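Owing to the predicted nature of the structure, the values given are computational and were not obtained by experimental measurement. We name chains A, B, ... by the order of the sequence lines, and we start the count at 1 in each one.
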Amino acid sequence: MENNKLIKERLFTFGCSFTEYYWPTWAEMIGREYDYFENWGLSGIGNRAILEKLSECIINNNITEQDTIIIQWSEIHRFDVHMPLLPQRWGQTGNILTSGGPREEWIKDYWNENSYIMHTLNFIHLAQKLLSTLPCKWYMFSINDFKKDMVNNLEFINYQNLFSHPNFLPPMNQWFNQYKFPKIELKNTDGTKTWDRHPIPLAHYGWVHENLCPILGKSVNEKWAEKANNILFEYCTAYEKIDNIYLTNLDWYAHTNWVGGIIGTNYSNRKFMDDRT
Amino acid sequence: MKTRLFTFGCSYTYYMWPTWADLLSVEFDEYENWGQVGLGNRAIAERIAECHTRNKITENDTVIVQWSTHLRHDWHNVKGPAGRRSGWQTNGNVFRGLNQQLYQQPWLDVFFCEKSWFMHTLNHIVLTKHFLNSLGCTYKMTSIGDLRNLGNDFDKLTYDYEKVIYSDNQYITEYEAWNRFPELKIYEDQIWDDNWIKPLNLSAQENKDSYWWFQASHDKEPWMESHPSPLQHQIWLNTQLRPVLDLDSTPIGQQSIIDVCTMLKEKKEFLDVLKFEKFMMNPNIDKCIFNNLAWPPIIKGF
C-alpha cells in the first residue's frame, strides 16, 4: 500500500456507510486534497470492525507526522463478522435488524444493548489511546450523539471524558439536522424503492467544508461535489447501476484506494458492493 | 506513593487457587485482579480499557497482561441470559465440551474462521500495547502457550483442545501461524518485544511433577488438573516475571501462601476438586486463610 517514496501527505479514513458509499462522501472529498488517500471505510460495518481495521492500518503503514487519520464511528447496533474470503473482508450485514440464520438466533438469545454500548465505549477508548501514541494528526466523530445516548446512562459515567477530548468532533447528524438536504429515492434489486437515508454529496461537502477543512487547513472542491451531486440526481435511479454511472462520469476512483484489510486478495474496484446498509 | 498492581488474563491469572497474580500482589500496596476464568483476548483488551476508565492507571502503576488463546468467542451480556451470570460469558474455547451446545456446526460455519480469529487476537494485542504505552505504566505480557504456535505447543497431557485439528495432516512447524497465515506475519515485530515473558504453560510443562492431581470418590483414577499449581505459578513468577520487574528479594509472604495452599490440598476431602473449589471460592471463607492476601478475589468490571 505504500507505493511511492515521494508521497508527502497521506490520509486514512475509517467508518461505515457515512464514509464509504455508493456516492462520494466527506472522506473522498477531503481525500482528494491529499497526495495519497486510503479509505478503509466500509458500508454496514460496526465499531468493532472499525477499530480492528484501524489496527490493521497502523500495522501495515509506517505512520508519520505527515499523515492524518480520521475515524467516523458507526452506530452501536451492529454485529461484526470477519470473513476473509470476501474481497471486502468484513461482513456488511452487521446490523442486528438484519434477519436470518444463526446470526438472528444468536442475537435474539444473547445480544444485549448495554453490553454493546460498553463495547463501543471501550473501542473508542482503545482507539484514542492508540492514536495518541502516533505522530500523526487525528480526529474522530460519530453519526449521532454518543455522549447523549450513552454516557448519560450512569453505568457508563466513567467514560464521559472520551467525548471531551479535543479531537472528538461534534456528531455529523448534529450538523446535517440544521439543514433540509433533499433525499433520493432509488430502486432496489427486488424492484422496490427506498428513500435513501444517507447524506447526499452536497451534504457531505457542506459538512466537510465547515467542520474538517478549518482544522485540517484544507479546502475542498465545491464544483466536484456539485458534479457528484448532479450525477446522483440526474442519472441514478437504481442502486445496482450507481457504480457504473460514477465510473463513467466522475474522476473519483483514480484518487481513492479502498482498503479491505491485510488478509485475502486485494481488490481494485468497487464491484464487491452489493449489500450496503 | 502507593504502588498498584493490575493483572489481566483468564484462568491462568484468576483461579480457584492463588495464581502468579495473587502471589505477586503481596509486593504491592494495592491490587486488582481483572482476570476471569475462560476469557478470550478481545475481552482481555476491553477490560484493560475499562479498568483504566475506573482507576486512571499512571506511570507509577504496574500492569501484567496474560493473553489466552485465539479460539475463544468473547461475548458480554449485562443481564446474564439463560440462567448465566452477568458479564463476560466466554467460558473457554469454542470447541471445548462445555461450549459444544452453544457453538454447533451452523454457528461455526457462519462465525468461525481461524485466520480471522487469529487476526482478531493480534489486533487486540496491538491495540493494548499502544494503550499501555500511552499510559506510561510498567507493563509486561505473557500468554498460556506461545500464540504463534496456535495451541500446538500445549502438552497433550495437559490440553488437547486449545487448537484446531487440521484435516491436511500437515507437519506442524514452530510458529505455525506464519506458515498457515503468512500475510499476518507483518504483526510479529510490532507485538513481540522486550515486554514479553515466557508463556506460563511452557514453564509449567517444564515442571510436570508439580501439577496437582485429584480423585473424587466417583473418579476411577486420579486425574491431573491442567492449570498450573500454586507452586508452578510461583516458579514462573520468580524465574520469569519478578526478574524483569526489578523487584527486591522474594518476600516471605509469597511462600506462606504456597504453604497454606499445599496444606489445604493435602486434606483428604479436597481430593474432590469440586469440594476444593467450593471451599476456596466461598465468599465467606475465613479471610485469614492467607494472612496477607484478600481471598477470594472479587471479579472486577462490568
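- A donor-acceptor pair is defined here as one N or O able to donate and one able to accept, closer than 3.5 Å; such a pair exists between the side chain of A:N39 and the backbone of A:G41.
- Atom CG of B:D29 sits in a crowded spot, with more than 12 heavy atoms from other residues, nucleotides or ligands closer than 6.0 Å.
- Both the backbone and the side chain of B:H120 come within contact range of chain A, with heavy atoms under 4.5 Å apart.
- Neither the backbone nor the side chain of A:Y116 comes within contact range of chain B; no heavy atoms are under 4.5 Å apart.
- Only the side chain of A:L134 comes within contact range of chain B, judged by heavy atoms closer than 4.5 Å.
- The six-membered or imidazole ring of B:F111 lies near that of A:F79, with a centre-to-centre distance under 6.0 Å.
- Top candidate by heavy-atom pairs under 4.5 Å with chain B, chosen from A:L54, A:L51, A:N161, is A:L51.
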Take A:K53 and A:E56, measure what salt bridge (Lys or Arg N to Asp or Glu O under 4.0 Å) needs, and give me the verdict at the end.
CA-CA 5 Å; A:K53 281 162 88 63; A:E56 280 190 79; 6.0 Å; no
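- A distance of 15.0 Å separates CZ of B:R4 from OH of B:Y31, quoted to the nearest 0.5 Å.
- Heavy atoms closer than 4.5 Å to chain A are found in the side chain of B:L135, but not in its backbone.
- Relative to the six-membered ring of B:W192, B:R148 meets both conditions, a distance below 6.0 Å and an angle of at most 45° to the axis.
- For B:Y103, the part lying near chain A is the side chain, with the backbone staying farther off; criterion is any non-hydrogen pair under 4.5 Å.
- Contacts with chain A (heavy atom to heavy atom, under 4.5 Å) involve these residues of residues 43-56 of chain B, listed by number: B:A45, B:E46, B:A49, B:E50, B:H52, B:T53, B:R54, B:K56.
- In terms of heavy-atom pairs under 4.5 Å with chain A, the best-connected choice from B:F181, B:W75, B:W117 is B:W75.
- For the residue pair B:N41/B:T121, the side-chain donor-acceptor check at 3.5 Å is satisfied.
- Between the side chains of B:W88 and B:Q36, no donor-acceptor pair is found at a separation under 3.5 Å.
- A donor-acceptor pair shorter than 3.5 Å cannot be found between the side chains of B:Y139 and B:D61.
- With a 4.5 angstrom heavy-atom cutoff, A:Q128 does not touch chain B via any of its atoms.
- The ring-ring contact (aromatic ring centres under 6.0 Å, His included) test with A:F141 is passed by exactly one of A:F14, A:W26, A:F146, A:F163: A:W26.
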